[in-house]
Amino acid sequence: MEQANSISAEQELILQNARKRVIASIGKNMDLYGITQSIGHLYGMLFFQNKPMTLDEMGEAMEMSKTSMSTGVRTLVDLKMVNKVWEKGARKDLYEVEMDWFQTFSDFFSLKWRKALEINLSALRKSKSELSQLLQPGSEDSQLHAVVQVDLAKIDEAIRYYMWLDRLIDSFESGDIFNYVPKDVPPQG
């Protein structure tokens with residue numbers, strides 16, 4: 001982690017302990033994002049850097065292999081939590097944390113839930129179509145009709161939920177969510 005200049009050893013110790021506490025906390029909670037604790041620690045370490053880092057620098061700071069750093073950084077880039085940046089004269093790839101945690105959460109939420117939504121809606125619609133076929137004229141089995149009607153009602157309710165979720169995801173992607181849940185607490189009047 002980057003050292004501050006012209007501070008006492010005692011101040012440096014306090015600074016490093018405060019950073020380590022935050023990094024440990026981030027590492028413990030990254031399972032919410034489906035990320036291992038070590039990748040969470042990498043993210044936390046990058047968070048406290050005031051400049052982009054190479055994989056070699058990360059590996060040295062974390063005492064881990066370049067391969068481990070590469071895998072961890074790729075995961076964080078895919079989740080849009082870390083950005084690859086360009087710096088004039090740099091011969092190696094550089095990475096830095098996306099400092100807008102609101103955007104990080106919005107991107108993560110949208111990526112994960114959009115995928116789940118598409119998979120589930122596809123399954124629901126296919127099943128609805130198949131079940132609807134059982135209600136075609138000529139099928140006089142009232143017990144079957146009753147069971148199918150109950151299942152179709154459940155599927156329709158699930159589709160209704162996923163259509164709402166689609167609008168919620170849209171609100172995260174557009175930033176409209178912050179009109180309903182502001183980033184800052186509005187002043188009390």
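These numbers come from the heavy atoms of this one structure, side chains and all, not from hydrogens, waters or symmetry mates.
- In this structure, V22 is a member of the same hydrophobic cluster as M45, with clusters built from ILVMFWY side-chain heavy atoms closer than 4.5 Å.
- I39 contributes atom CD1, which lies 9.5 Å from atom CE of M62 (distance to the nearest 0.5 angstrom).
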T104 vs V97, side-chain contact (heavy atoms from CB on, under 4.5 Å): CA-CA, chis, key distance, verdict: CA-CA 10 Å; T104 297; V97 165; over 6 Å; no
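- For the pair E87 and P52, the minimum side-chain heavy-atom distance is below 4.5 Å.
- Between D56 and K66, some side-chain heavy-atom pair lies under the 4.5 Å cut-off.
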Test side chain to side chain donor-acceptor pair (under 3.5 Å) applied to S65 and S68, step by step: CA-CA 5 Å; S65 71; S68 295; 3.0 Å; yes
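- Side-chain atoms of D100 come within 3.5 Å of backbone atoms of Q103 as a donor-acceptor pair (strictly under, hydrogens ignored).
- Relative ring orientation between F102 and F178 is described as perpendicular, the plane-to-plane angle rising above 60° on a 0-90° scale split at 30° and 60°.
- Across every non-hydrogen atom of M53 and M58, the tightest pair is O-CE, 3.4 Å.
- Between E98 and K80, every side-chain heavy-atom pair lies at or beyond the 4.5 Å cut-off.
- Note on ring orientation: taking the six-membered ring where Trp is involved, the planes of Y43 and F47 are parallel (angle under 30°, cut-offs 30° and 60°).
- Closest heavy-atom contact between D166 and L117: N-CD1, 3.4 Å.
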Criterion side-chain contact (heavy atoms from CB on, under 4.5 Å) on K51 and E57, from CA distance to verdict: CA-CA 11 Å; K51 62 179 182 57; E57 291 169 330; 4.1 Å; yes
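- A distance of 11.0 Å separates CG in L152 from NZ in K154, rounded to the nearest 0.5 Å.
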Test log, rule side-chain contact (heavy atoms from CB on, under 4.5 Å), inputs V82 and L46: CA-CA 9 Å; V82 166; L46 285 169; 4.0 Å; yes
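- No more than 12 heavy atoms of other residues, nucleotides or ligands lie within 6.0 Å of CD in E60, so this atom counts as exposed by the packing criterion.
- Residues L32 and W101 are members of one and the same hydrophobic cluster, defined by side-chain heavy-atom contacts under 4.5 angstrom among Ile, Leu, Val, Met, Phe, Trp and Tyr.
- L42 places a side-chain heavy atom less than 4.5 Å from the side chain of M69.
- Atom OG of residue S110 and atom CZ of residue F105 lie 8.5 Å apart, to the nearest 0.5 angstrom.
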Working for side chain to side chain donor-acceptor pair (under 3.5 Å), residues E130 and S127: CA-CA 5 Å; E130 290 171 354; S127 293; 4.8 Å; no
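- A single hydrophobic cluster is seen to contain both M99 and V77, as judged by linkage of ILVMFWY side chains at heavy-atom distances under 4.5 Å, directly or through other members.
- Counting only heavy atoms from C-beta outward, the side chains of H41 and I26 never approach each other to under 4.5 Å.
- Looking only at side-chain heavy atoms (C-beta outward), Y95 and N83 stay at 4.5 Å or farther from each other.
- M163 and L165 fall within the same hydrophobic cluster, defined by Ile, Leu, Val, Met, Phe, Trp and Tyr side-chain heavy atoms under 4.5 Å apart, directly or through other members.
- Without hydrogens or angle criteria, S70 side chain to T67 main chain gives no donor-acceptor distance under 3.5 Å.
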Verdict with supporting geometry, D151 and K128, salt bridge (charged side-chain N to carboxylate O under 4.0 Å, His left out): CA-CA 9 Å; D151 284 1; K128 181 177 180 174; over 6 Å; no
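- Side-chain N or O atoms of E118 include none that pairs as donor or acceptor with a backbone N or O of K115 at under 3.5 Å.
- Using a 4.5 Å cut-off between side-chain heavy atoms of Ile, Leu, Val, Met, Phe, Trp and Tyr, with links allowed through other members, V147 and L131 fall into different hydrophobic clusters.
- Side-chain contact between E96 and Q49: absent, with no pair of heavy atoms (C-beta onward) separated by less than 4.5 Å.
- Note that the CD1 atom of I35 and the CG atom of L79 stand 5.0 Å from one another [nearest 0.5 Å].
- Heavy-atom contacts from other residues, nucleotides or ligands closer than 6.0 Å to NZ of K126 number 12 or fewer.
- Side-chain contact between R125 and L121: present, with at least one pair of heavy atoms (C-beta onward) separated by less than 4.5 Å.
- How far CG of L76 is from CE of M30: 7.0 Å, rounded to the nearest 0.5 Å.
- In this structure a side-chain-to-backbone donor-acceptor pair under 3.5 Å is present from N29 to S25.
- Put simply, OH on Y162 and CD1 on I155 are 12.0 Å apart, with the number rounded to the nearest 0.5 Å.
- A salt bridge links D170 and R114; the closest N-O separation between the charged side-chain nitrogens and carboxylate oxygens is under 4.0 Å.
- The ring-ring contact (aromatic ring centres under 6.0 Å, His included) with F108 is formed by just one residue from the set Y33, W113, F172; it is Y33.
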Candidate pair W86 and L94, rule side-chain contact (heavy atoms from CB on, under 4.5 Å), full reasoning: CA-CA 7 Å; W86 180 83; L94 294 163; over 6 Å; no
